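As a basis for the values below, the full set of heavy atoms in this structure was taken, side chains included, without hydrogen atoms, waters or symmetry mates. Since this is a predicted model, take the numbers as computed values, not measurements. In the text below, chain A, chain B and the rest are named by the order of the sequence lines, each starting its count at 1.
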Protein chains: 2
Amino acid sequence: MGLIKTEKFSKEQNEIALIAKVIGHPARVAILQHLFKINACVCGDLVDEIGLAQSTISQHLKELKHMGLIKGNVEGTSVCYCIDTENWSKMKQIMSQFLDQDVSNSTCC
Amino acid sequence: MGLIKTEKFSKEQNEIALIAKVIGHPARVAILQHLFKINACVCGDLVDEIGLAQSTISQHLKELKHMGLIKGNVEGTSVCYCIDTENWSKMKQIMSQFLDQDVSNSTCC
DNA sequence: TTTGTATATTGCAATATTACGATTAAGTAG
DNA sequence: CTACTTAATCGTAATATTGCAATATACAAA
């Protein structure tokens, strides 16, 4: 079917999955890393930086923006992107809580 | 095309994306959470726990095993699954390093 | 206004993912 | 052996994702 049965899972489980999913593509990882590295706004050199078509990058940016991980400000004819620090922190906390589950006393297998 | 151009990205970027991708489905999140909660082997009640078909759960388990996040031991007619703690720690470190990128001095946008 | 530049959107084609039923494989119990 | 249980695999249908070219939009400069 290709259709995820979200109704079978908790809100938290769906949220974790959605966050992970948006990070689950190397182009989006690369975009985020670049925005962190520059540590400021970036106005469109992402297409050169990553080797994909302009329309493809634009689509990935849209997804990142939709999940709230980045912000985009229009500056004349170009658009200025950067990490949405507030949402990034929230997202980080949700993921960290999931990743940090204690694993010490698993004496099985 | 539906085909990711992995050759355009670094090994690290692809690795982060692969890890995130496998977590990017609520059923797999639920499986992992259950294994952590039980904190021991679980032998097939995952199908009851989560409301998906046995073959679907089996497929998700396969993906988690393939990424090394869980281990499966055959015990008679059933199979015993648990978190692969060593690999989980490695994965956690890779993801944490990505998530913990400093975000403080972004004065843009 | 016309031209140029930067980004978004649209419309595909190719491939991937999700889910399930049916079947298979492998073990256990009688 | 047969019957039963459990889990993996196969086949298939429905939907999603990825990527690109072409086009549209929006602004700036001449």
* Asked: If only side-chain N and O atoms of B/Tyr81 are considered, is one of them under 4.0 Å from the OP1 or OP2 phosphate oxygen of D/dA8?
  -> yes

* Asked: What about B/Ser78, does its side chain sit under 3.5 Å from the base of D/dT6 through a donor-acceptor pair?
  -> no

* Distance-only, no hydrogens or angles: does the B/Ser96 side chain make a donor-acceptor pair with backbone N or O of B/Lys92 under 3.5 Å? -> yes

* **ring-ring contact (aromatic ring centres under 6.0 Å, His included): pairs with one or both residues in residues 38-78 of chain B, sequence neighbours excluded** => B/His25-B/His60

* May I ask you to decide if A/Thr56's main-chain N or O and A/Gln59's side chain share a donor-acceptor pair within less than 3.5 Å? => no

* **Any side-chain heavy-atom pair of A/Leu64 and A/Tyr81 under 4.5 Å** => no

* Check the distance between D/dA16's P and A/Met1's CE and give it to me in whole angstrom. => 12 Å

* Look at the side chain of A/Ser89 and the backbone N and O of A/Thr85, then say whether any donor-acceptor pair between them is shorter than 3.5 Å. => yes

* Structure fact -> Comparing A/Ile4 with A/Ala27, nearest DNA chain D nucleotide closer to 5' gives the residue A/Ile4

* To do: May I ask you to test the A/Gln33-B/Ile16 pair for a side-chain heavy-atom distance under 4.5 Å?
  => yes

* To do: May I ask you to list the residues of residues 55-67 of chain B, by number, that have any heavy atom positioned under 4.0 Å from an atom of DNA chain D?
  => B/Ser55, B/Ser58, B/Lys62

* Asked: First and last nucleotide of DNA chain C touching chain B, 5' to 3', heavy-atom cut-off 4.0 Å?
  -> C/dA13 to C/dG27

* Contact class for A/Lys21 (heavy atom, under 4.0 Å): base, sugar-phosphate, or nothing? -> sugar-phosphate

* To do: Keeping the roles fixed (side chain from B/Trp88, backbone from B/Ile70), state whether a donor-acceptor pair exists under 3.5 Å.
  => no

* With a 4.5 Å limit on heavy-atom distance, are the side chains of B/Ile19 and B/Met67 in contact? -> yes

* Asked: Closer to the 5' end of DNA chain C via nearest nucleotide, is it A/Asp45 or A/Phe9?
  -> A/Asp45

